[in-house]
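Data first, discussion second: the structure below is written as structure tokens.
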Amino acid sequence: MKKNPTPTIPEKHRDFFSDVYDVVRQIPKGRVTSYGAIAAFLGTRSSSRMVGWAMNAAHGRIPPVPAHRVVNRKGLLTGRMHFSPPEQMEQLLAAEGVEIKEHTVQHFDKHFWDPAKELQL
DNA sequence: ACGCTGACTATTA
DNA sequence: CTAATAGCCAGCG
């Protein structure tokens with residue numbers, strides 16, 4: 001245990017970053033997850049926005065963070081506009097076997113990967 | 001210091 | 001199903 005995951009007192013939000021990146025990097029190929037799932041796994045369920053914020057800082061990070069595998073709870077690739085070419089995100093997902101239509105993950109529940117259930121600690 | 005914005009989600013109508 | 005509202009918190013003008 002790192003410390004109390006209190007959302008109001010992230011003494012070192014850096015831990016939050018590390019945790020987010022660690023989880024995202026463990027997403028299996030061809031799977032996707034949501035910001036809320038990661039946030040809930042970290043204990044900051046309500047701070048799902050902070051996950052996206054962490055993702056924004058994930059660019060240029062090594063080892064690389066597969067941020068393209070993280071979408072919102074509807075399966076919509078809301079973060080596509082933050083990639084070099086916005087279409088890169090769905091392109092990467094498509095290359096991993098994830099069907100994308102109208103910037104949205106098809107069969108989202110099927111490709112969904114929940115760290116709290118699959119990773120389990 | 002104050003208000004607005006944003007890679008979000010859950011609840012309520 | 002959609003629309004509006006609240007909660008969340010770092011960053012920026």
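Protein chains get the first letters and strands the later ones, always in sequence-line order, with residue 1 at the start of each. What you see is a predicted model; the values in this text were computed from it and never measured. What's counted below: heavy atoms across the whole structure, side chains too, no hydrogens, waters or symmetry copies.
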- Message: Need one value for A:A67: base, sugar-phosphate or nothing, where a base atom within 4.0 Å counts as base even if backbone is also close, heavy atoms only.
- Response: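 The answer is base, as A:A67 lies within the cut-off (heavy atoms under 4.0 Å) of a base atom.
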Within this structure, what is the [atom1]-to-[atom2] distance between [X] and [N], rounded to whole angstrom?
X     : N      : atom1 : atom2 : result
A:F83 : B:dA7  : CZ    : C1'   : 9 Å
A:N56 : C:dC12 : CG    : P     : 10 Å
A:I27 : B:dA7  : CD1   : C1'   : 13 Å
A:K74 : C:dC1  : NZ    : P     : 10 Å
A:E90 : B:dA7  : CD    : C1'   : 15 Å
A:M55 : B:dT9  : CE    : P     : 13 Å
A:W53 : C:dC8  : CH2   : P     : 17 Å
A:L42 : C:dC9  : CG    : C1'   : 15 Å

Where the side chain of [X] is concerned, which of [options] is the nearest nucleotide?
X     : options              : result
A:N72 : B:dA7, B:dT9, C:dC9  : B:dT9
A:R45 : B:dA10, B:dT9, B:dA7 : B:dA10
A:R73 : B:dG6, C:dC8, B:dA10 : B:dA10
A:S46 : C:dC9, C:dC8, B:dA7  : C:dC8

- Nearest 0.5 Å, what's the OG1-CE distance between A:T78 and A:M89?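 Answer rounded to 0.5 Å: 6.5 Å.
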- Query: When rounded to the nearest 0.5 angstrom, what is the spacing between OH in A:Y21 and CD in A:Q26?
  - Reply: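 The distance works out to 15.0 Å.
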- A:E118 and A:R31 ion-paired at < 4.0 Å: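 So A:E118 does not pair with A:R31 through a salt bridge.
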- Message: Between the base of B:dA7 and the side chain of A:H68, is there a donor and acceptor pair under 3.5 angstrom?
- Response: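 Flag unset: no donor-acceptor pair detected.
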- Task: With C1' as the reference atom in both, quote the distance from B:dA7 to C:dA3 in angstrom, rounded to an integer.
- Result: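 Going atom to atom, C1' in each nucleotide, I get 22 Å.
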- Query: Hey, is the main chain of A:Y35 close enough, under 3.5 Å, to the side chain of A:S48 for a donor-acceptor pair?
  - Reply: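 Here the side-chain-to-backbone pair does not exist.
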- Message: Please give me the minimum heavy-atom distance between A:T104 and A:K74, naming the atom from each residue.
- Response: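 So the minimum-distance heavy-atom pair works out to CG2-O, 4.0 Å.
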